[in-house]
Every structure is written in C-alpha cells, then in structure tokens.
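Worksheet: one structure, shown below.
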Amino acid sequence: MARKVSWERQQRTDARLLLSGLCLFLAIMLGFPTIANLWYSFSDVSFQDLTGSGFVGIENYVDALTNPNMWSALLFSLRFAVVATVLQVVFALVLVFVLHPLVQKRPWLIAPLMLPMMVSPALMGMMYRLILNEFIGPVPVYLDMLGIYVNFLGIENVYATLVGIEVLQWTPFAFLVLLTARQSILPEVEEAAVVDGATGTKLNFLVILPMLLPTLGIVTFIRFIDAFRVFDHIFVLTGGGPGNQTTSISIYIYKLFFKENELGEAIALSVILLLASLLLLQVGLRAVVRRTEP
Amino acid sequence: MSKLKLAVIGGALALSALTANAALADITILAWPGGPEETALRKIVDNYNAIEDNDSKASLLFFSRDNFFDKMLADAAAGSKEFDVMLTTTYSVGQYASFMVPIDDLVTEEVKATFPQSALDSQSFEGHLYGIPTDLSVNFIYYRTDLFEQLMSDAAWQEKYTEIANAELGKDLEPKMPADWTWDDFVASALFFTKSINPDSPTRYGAALQMKNIIFSVMIWQTSAAGYGGNWMDADGNITVDSDAYRQALDIYKTIAEKGATPGGSASFEYSEANGAFGTGQVAFTLQWSAAYSELIDAEAYPQIEGKFDITHPAAGPAGVKTHFHALGLGVNKASEKQDEAKKFLAYLASEPVMTQYGKEGGKPPLSPALTEAYAGGRPDVLKMGEYASDYGVVMNGATSSKALAVYNVMAENFTGYWSGTIDQDTAIANVVAAMEEDFGK
C-alpha cells in the first residue's frame, strides 16, 4: 500500500516536472502579453507613450462598444464567417462523398487539391488583384470575350468575390479533415449497412454522415473562427472599402491601432473578442465532446 | 616586463580600442525600398563609404513596402536601436517627431541655398526640422496626346464633346487640351472618352481614378479640393472641410464614378492599378503621382502608350491650379546611440553636390530650380515636379501634424464610401468633421 502511494506521488512529481516547461512557455508567451494587454486596455496608451501610464478605467471599453463602425465591422465579420463556413463545409462534404472512392485508388489526387491552402492569404489577395483586373486579368478578359461584363470588386459584387476567394482557398482544408474521417470508417460498417439494405443515398445519409458529424462539428468550428478573423486578402484587395463595406473586425482593430493611434480602444476591443471567443470555444468544445462520448 | 609596463600597455590598448570603436561607429539607414529612390541612395551610400578619411560607414536597411510605416512606427515607438537614420514624410513627420531628433543645426547657408524653404518646411514639425528632404511627389495628369490632338482638330468629335457635356452635365463646354482644363473639363473629357457614353470613343474609359480606401487616394483627390479653395483648417485652426469647395471636389469623383467613366473596379484602384489601366491604352487620362512617369515611359512594360502620352499639371479650380505635394526625407532616430554619426551622414547628404548626384542617379530631390534643372537632364517629369511644387504645391493646414494620418484615414473611409454610394455626402463630411474636431481638440 505504502509502495503504491509512493509510486503515485512520484508519478505526480514527474508529471509536474514535465509540464513545468510547457507552463513556463505559456506563461511567457501567452500570460505576459495577456496581462500587459489587460493593463493597456485600461490605460491611455499611444505610440508616443507605450508604457500606458495613465489609468482611464473602462473608458476604452466604452469607446470601443459605442463606436458604430465597430458594430458594422463585427456584423461584416459574422456574416462573412457564417456564409464562408457554410459554403466551405458543404462543398467539402460533397467533395468527400464524390471523391472518396477515387482518392482511395489514387491518393496522389489529394495533393493538387491542397494547393490553394498552401498559398498565404495575403499572396492570394495579390493574385486576385491581378486575376480580377479588368484590363489584364484573365477572368474579366475571358468573360468579355463571351460578352459578359462583371465588376468583381465593385460595390455590388465585392462581398461575393471576397467570400468566393475565402471558399476557394479553405475548402481544401475542410475536405482534407472530412476525408480523413471518412477514411477512418471501417469497411465492415459499410458492408454491414449494405447487407441490411442501405445503399447509395441511404448509406451516405443514414450511416456515413452521422458518423462524420463530430468531425463536421470540429471543422465547422475551426473554419468559423478562421473566417471570423479574416484580414489578409480583404486588406490587400479592398483595404476594407469602399467606405467601410468590407471592413472586418480584424481590419477595424488594425486601423484603430496603427492608423488612428487609438491603441487602448483597439486593445480593449481585442480583449472583448478574446472573451467572446473563449465563451464560444467552451460551448463549441462541450458540444463536440458530448457528441463523441460513448 | 614589469607589471606596471604591462598595465600601461594594456590600458593603452584598451583605450585605443575604445576610441577606435567610437570613431568607427557605423550607422544603419532605414530607407524607402525599391524603385529609383533605393538605387539612388545606394549609390550615395557607396560614395559616402568610399571617402578616405571617413571612419563611420553606413549600411542600408529596407523593410518591404507593404505597411512600411506601420513597421517603422512600431520599431520607433519600442525604442529600437537597429537603425540610426530613419525615413520621414511630410504627412507623418508630426507622428514620428517624438521618436526623432530635431536637426535644425544642419541647416547651414549651403543647405538653405540647396533646398527651397517649402522643401524644408515639408520635413518640419512645430518649427523644427526633422528630416533632410530626399524625394518629392506631386500629382500629374497623364493624358493620351494622340487622342487629345484628334479631339482638338476633329470637328465631329468636338460637336459630340459639347453634346455630351450638355446632356450629361448640363454645361456648355468646348474641348481643351489638359493643360488648359478646369475641373469641369476634366469631368467632361472623362465622359467623352467613355465608350458607354460615347460609342465612338477609342478608349473604354475616360479616366482611371484611384478610389480605394487608403490614404493615398485622398491625397491625390485633395488636389481638386485645393483647386476649389478647400483646406483642412483655416488660419485660426477651425475645421473647414464642411465647405462648398469640398462638396464640389467630392462630386468630381462621384459624377465620374456614377456615370461609369472610370473602370468599375476603381473602388479598389491604387497606384499600380491606375498605371495598369492607363498603360493598356484603354483609358484616356489619369490623375496620378509624379513617380509613375518613369514607369509609364517603359515601352516594354507599356507598349500600347509608347510615345503617345504626356504629362501636365492638374486641372484648375476657382482657386487656380493646385497640387498636393509631399516629400520623403531622412532624419535621426532618437533612440540611436550614434546620433553624431547619423547627423554626419545627413550633413553629407544635404550638401549640394551629393543631392545633385542623388537626383542624377534617379532620385527626385526637391532642390532649388537651378539645381533641379542641372540634375534633371532630359527628364521632363523632374522639371515639371519642381515647377509644380513651387507654383501649385499645397500642404493642407494640419497635414503635418501628429494627427495627419488619422485624418487621412477617416477621410479615406468616408469619401470612398460616398463615391461608391454607401453613404451620402452630408454623412461623409459630418463624420470627417467630427473626427477632426476630436483629433484637433476643437
């Protein structure tokens, strides 16, 4: 008995020792910036005074929450994230069902499908600045040959264009994760379902899809978070304009910080978003974990 | 050897090492990357390092152009010592002044003779000089000479021009060459050379306007606001953006955009897109930075306009011809531990022969007219830049303050919104005025 207690104590000591490195790393890399940001969010901080020595209470939070531009940026990000996520997940799911038999025999086909995701989002924006250019871009030029004129970055189409680029770039990620989940389903399960009379649509919707749901939940969650914080390709393509039409919450915070020198307000807004995302993370993970429990 | 001798020799060696280090302190210059500015500065730095008795060598550091100023601002605010000499601009000198050292002591009689006072003012904040001006930027109208010559000689075109001006603008206008334009002519010409309005137009669009939500769009556009007599503030510091001048100038872009006389994607156009549109030969003219000239004359890059375009000053408003102008410059980083060496380099840079050489190597220093002529050689853009900056150059009141970038930013946000139809003019102006009143404490 005494030996067992001693062994458990040793295990705990070892675990603490092994975790201490990670904890130290997190404390330095996450803890310190978080505490510093919390302090800044209550301070009158600017580039001219980075120490943030003037305590201003909740003024930065009030400024952040009462600025109408913040709400329009937040709304844009939410709309963008919901639409882009739904499209990516649906397309990825369709691709999984269509391509699964094919990639089982020819796995190398996955590689070219992954290419868009290898490009950095800022570079993606630069590429589309050229591709969609009315005078030298291949897309408008070919459409022009067909007698079709589309102003991709005009006010009437800019939202759809930006969502389209996001979907093109990140659908492969959702596809890859869902494909892995699909491939992990045992062939015996499918065979059993077929023996029970489930074929075609029934097999896919009543057997395979429910088994993919936990992964689908995780992919949806990851893509939503990623799309919500969109910055790069929108900033490169439109600068958040025309007007504020395509200003996402990340672009809004960036402009507050660097262009308007409102560091305290920008950081206060970041803290609010951090808290909101922690809440979302908690809810999302709980839902996923509950679903995967036996 | 006695201990005393050893100590003396050791001390002497240590002292000489210390003094040698102090004398040989090298400096790092954070400069504007790419283009002729980089090429010219590299040559100057090479020459500086080759001076025989110069024991302080200079090396160059370049960030990428994308968000250059944000990166420099973050570094400067953090007290970085990675660079000793840093970039400054007319529109950000107020914001950077607290991270820089005034260099009034470098303004010798020779420097005063080399630079016009307006050039030194463009690098000054609250009465102190913070940078040696190195590169000037003004606005030009780039126009197709073949098209406008035909317009001035073809009776049918002229008749059509007047008809379009009457029908679209309700104004009785005759065609003119761009050098004689008012802003009404600017708009009418844009409409005339637009295929959707004039099916016989040889170009798809009349103008290529930059209407992206970035500060540089506002800088180019405010050339027209200045032409109408507009200014950010009056002499007493009152905000004067809510004025007829601003409203009329805003409507120039609005009219051209609404009538489809600028490409549909203009809302995302900046410098390179405007060059691209004009360079393909599908646009009759564009209001653009002076720097574009050296790119557009490259026949390999833009064969469609080779030998077919010229430059002139922006159109005239009731207040005459005006152009926004600003200058890049180099100043001393306050956090630098080598400020004497940095100043030594800047004193070298500000001297007449060096600045003239900088111009000959491709730079565009704002020098006195005689010196500009000397270095310009056959470059018409350089000659016109000097002339326009001195005759028509405008720096808006408050546009060198610490709040200038914030003001440009809020203008870009609201004015591009108005041009694209997402907000009305009253709202756009009210938003800008409110932000400026807060920024300037009015």
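When reading the values below, keep in mind they use all heavy atoms of this one structure, side chains included, and skip hydrogens, waters and symmetry mates.
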Quick one: pull up [atom1] in [X] and [atom2] in [Y] and give me the separation to the nearest 0.5 Å.
{"X": "B/Leu405", "Y": "A/Asn261", "atom1": "CG", "atom2": "CG", "result": "9.5 Å"}
{"X": "A/Ile136", "Y": "B/Thr280", "atom1": "CD1", "atom2": "OG1", "result": "8.5 Å"}
{"X": "B/Asn409", "Y": "A/Phe258", "atom1": "CG", "atom2": "CZ", "result": "13.0 Å"}
{"X": "A/Phe135", "Y": "B/Phe278", "atom1": "CZ", "atom2": "CZ", "result": "12.0 Å"}
{"X": "B/Ile214", "Y": "A/Phe235", "atom1": "CD1", "atom2": "CZ", "result": "8.5 Å"}
{"X": "A/Asn151", "Y": "B/Ser268", "atom1": "CG", "atom2": "OG", "result": "8.0 Å"}

Is chain A contacted by the side chain of B/Ile423, its backbone, both, or neither, given a heavy-atom distance below 4.5 Å?
->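 Interface part for B/Ile423: neither.
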Which bit of B/Val283 is near chain A, if near means a heavy-atom gap under 4.5 Å: side chain, backbone, both or neither?
->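 For B/Val283, the side chain is the part near chain A, not the backbone.
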Does some side-chain heavy atom of A/Leu153 sit less than 4.5 Å from a side-chain heavy atom of B/Glu273?
->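 Answer no - side chains too far apart.
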Segment of A/Val236 engaging chain B (4.5 angstrom heavy-atom cut-off) =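 Only the backbone of A/Val236 comes within 4.5 Å of chain B.
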Identify which part of A/Leu237 has an atom lying under 4.5 Å from any heavy atom of chain B, answering side chain, backbone, both or neither.
->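 Only the backbone of A/Leu237 comes within 4.5 Å of chain B.
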Could you have a look at B/Gly276, B/Gly264, B/Ala267 and say which one has the most heavy-atom pairs with chain A under 4.5 angstrom?
->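 Ranked by contacts with chain A, first place is B/Gly264.
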Donor-acceptor pair, side chain of B/Gln95 and main chain of A/Gln48, under 3.5 angstrom |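 Checking the backbone N and O of A/Gln48 against the side chain of B/Gln95, no donor-acceptor pair under 3.5 Å is found.
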Without swapping roles, check the side chain of B/Asn213 against the backbone of A/Gly243 for a donor-acceptor pair under 3.5 Å.
->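 Checked: pair present.
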For chain B, which candidate among [options] shows the most heavy-atom pairs at distances under 4.5 Å?
{"options": "A/Asn244, A/Asn69, A/Asn157", "value": "A/Asn244"}
{"options": "A/Pro242, A/Gly240, A/Gly241", "value": "A/Pro242"}
{"options": "A/Phe152, A/Tyr254, A/Tyr149", "value": "A/Tyr254"}

Which atom of B/Phe99 lies closest to which atom of A/Phe47, heavy atoms considered |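 Looks like CZ-O, 3.2 Å.
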Taking all non-hydrogen atoms of both residues into account, name the closest pair between B/Thr422 and A/Gln245 and its distance.
->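 It is CG2-CG, 3.2 Å.
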Taking atom CD1 of A/Ile58 as the centre, does the number of heavy atoms from other residues, nucleotides or ligands within less than 6.0 Å exceed 12?
->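 Incorrect, the count does not exceed 12.
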Is the shortest distance from a Lys or Arg side-chain nitrogen in B/Arg204 or A/Glu134 to a carboxylate oxygen in the other one below 4.0 Å?
->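 Answer for the salt bridge query: yes.
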